[in-house]
Amino acid sequence: MGMFGNAAGSANRLLQRGLWALMLLLSVAIYGSHAPLLTLCKVDGAIPFSSTSVVVLVELAKLVLSLLFLLAGPREPRAAAVSWRHAAPFALSALLYAANNNLVVHMQLFMDPSTFQVLSNLKIVSTALLYSLLLRRRLGTRRWLALLLLLAAGVAYSCGGLRGPGQPGGMRLHVTPVGLLLLSVYCLISGLSAVYTEAILKSQALPLSLQNIFLYFFGVLLNLMGSVWSGTEGGFLEGFSPWVLLVVLSQALNGLIMSVVMKHSSNITRLFVISCSILVNALLSVALFNLQLTLLFFAAVACIGLAVHLYYGVT
């Protein structure tokens, strides 16, 4: 019996690792396909829908999926009765995420999109710093070096990892002092929202689906209030197409995957997933839009590979 029990346990662990790897690969694919999907949504070179409407629908889809998972999943024993004290901390998480989404929009007024793409990689450092300080997780020299390599990979790819036919190489950054201030706030809130949410998810002995319901309820509420306040031009669903619906569903699914990652792993794993999505983004951009890979893309890939080795492969 002992031998059969050990074999069953090994098979179960192998299955769990396989499912975990599949989930991370799916998240990499979703992150990497997001920008190409948005490009496919454009009409005459412009985004035809309201970004606030999309955010509300993504939060609503995550809320509905979380409710379905809770109802369909096994009845997990609860350490204590669920009360508003369990739900209240997620209001701050939702507020931080909503503030971050709005900052991304307003920052575009003080810098060009290419500059934002390059400088927003600094949130890797801010997230890692807050993860280390607030959760008291010592990373060590090798792991910090790995995270700096992720930063270098993101900057290299953003600076010119892809190039259109006949497009000159190189780029110039354009950002105002106000833009730099907003960028600093953006990186701080981005890291804080992720690390705070991870801390709450891990501190409560509640089913993850129930915690997600709390988080996305507040997310729907706050983003819906923001949509009403901003006064979306046209109808709520104006400009929607099958591509936009695919964006909504993929982002909702990725949000649920990231909650699993933060509950059972860490935000550092999330940073690696986002960085690895560069590969998917590049391949789709080459296949769909006839863009060309540059030496900076291969430099970014090398940095990511070395970072993964340093963080996970060296003891």
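Keep in mind that the numbers below use all heavy atoms, side chains included, and drop hydrogens, waters and symmetry copies.
I304 and L296 are members of different hydrophobic clusters when ILVMFWY side chains are connected at heavy-atom separations under 4.5 Å. Cluster membership check: V125 shares its hydrophobic cluster with L135, using side-chain heavy-atom separations under 4.5 Å among Ile, Leu, Val, Met, Phe, Trp and Tyr. Hydrophobic clustering (ILVMFWY, side-chain heavy atoms < 4.5 Å, transitive): V82 and L71 are in one cluster. Hydrophobic clustering of Ile, Leu, Val, Met, Phe, Trp and Tyr side chains at less than 4.5 Å, counting indirect connections, unites V244 with L288. Cluster annotation: L249 and V56 are assigned to distinct hydrophobic clusters (Ile/Leu/Val/Met/Phe/Trp/Tyr, side-chain heavy-atom contacts under 4.5 Å, transitive).
Applying the ring pair (Phe, Tyr, Trp, His ring centres under 6.0 Å) test to residues at least two apart or on different chains, the pairs with a partner in residues 246-276 are F272-Y311, F272-Y312. Applying the ring pair (Phe, Tyr, Trp, His ring centres under 6.0 Å) rule to pairs touching residues 18-41 yields nothing, sequence neighbours excluded. Within the structure, the salt bridge (Lys or Arg N to Asp or Glu O under 4.0 Å) test picks out no pair touching residues 89-108 (sequence neighbours left out). Applying the salt bridge (Lys or Arg N to Asp or Glu O under 4.0 Å) definition to pairs two or more places apart or across chains, none involves residues 241-265. For residues 175-203, every residue pair satisfying the salt bridge (Lys or Arg N to Asp or Glu O under 4.0 Å) rule, not counting sequence neighbours, is listed here: E198-K202. Applying the salt bridge (Lys or Arg N to Asp or Glu O under 4.0 Å) definition to pairs two or more places apart or across chains, none involves residues 205-222.
Atoms CE and OG1, from M258 and T269 in turn, are 8.5 Å apart once rounded to the nearest 0.5 Å. Going from atom CG of L26 over to atom CG of L253 covers 5.0 Å, rounded to the nearest 0.5 Å. For the atom pair S53 OG and F236 CZ, the distance stands at 4.0 Å (nearest 0.5 Å).
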Could you go through S93 and T197, starting from their C-alpha distance and side-chain angles, then the distance that decides it, and tell me whether this counts as side chain to side chain donor-acceptor pair (under 3.5 Å)?
CA-CA 6 Å; S93 288; T197 302; 3.0 Å; yes
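Within the 4.5 Å cutoff, the side chain of F90 has heavy atoms near those of the I200 side chain. Using a 4.5 Å cut-off on side-chain heavy atoms (C-beta onward), L183 and M107 make contact.
Qualifying side-chain hydrogen bond (donor to acceptor under 3.5 Å, both in side chains) partners for S190, counting only residues two or more places apart in sequence or in other chains: none. In this view, L180 and L119, V175 satisfy the side-chain contact (heavy atoms from CB on, under 4.5 Å) rule, not counting sequence neighbours. Scanning for ring-ring contact (aromatic ring centres under 6.0 Å, His included) contacts around Y97 gives an empty result, with sequence neighbours left out. Residues satisfying the side-chain hydrogen bond (donor to acceptor under 3.5 Å, both in side chains) criterion with S259, sequence neighbours excluded, are N212. F116 meets the ring-ring contact (aromatic ring centres under 6.0 Å, His included) test with Y186; sequence neighbours excluded.
Listed here is the closest heavy atom pair of A156 and A300: CB-CB, 4.4 Å. T294 and R163 make their closest contact through CG2-CB, 3.9 Å (heavy atoms, listed as atom of the first residue, atom of the second, distance). The two residues T127 and G191 have their closest heavy-atom pair at OG1-CA, 3.4 Å. Across all non-hydrogen atoms, the minimal contact from I213 to L63 is O-CD1, 3.6 Å. Residues L256 and K62 approach most closely at CD2-O, 4.1 Å, considering heavy atoms. Nearest heavy atoms, P48 versus C41: CD-O, 3.4 Å.
Side-chain heavy-atom separations under 4.5 angstrom define the hydrophobic clusters, and the remaining members of the one that includes L19 are L15.
The backbone N or O of N223 sits nowhere less than 3.5 Å from a side-chain atom of S227 that would complete a donor-acceptor pair. Side-chain atoms of S158 come within 3.5 Å of backbone atoms of Q117 as a donor-acceptor pair (strictly under, hydrogens ignored). Looking only at distances, a side-chain donor or acceptor of N121 sits under 3.5 Å from a matching main-chain atom of V118.
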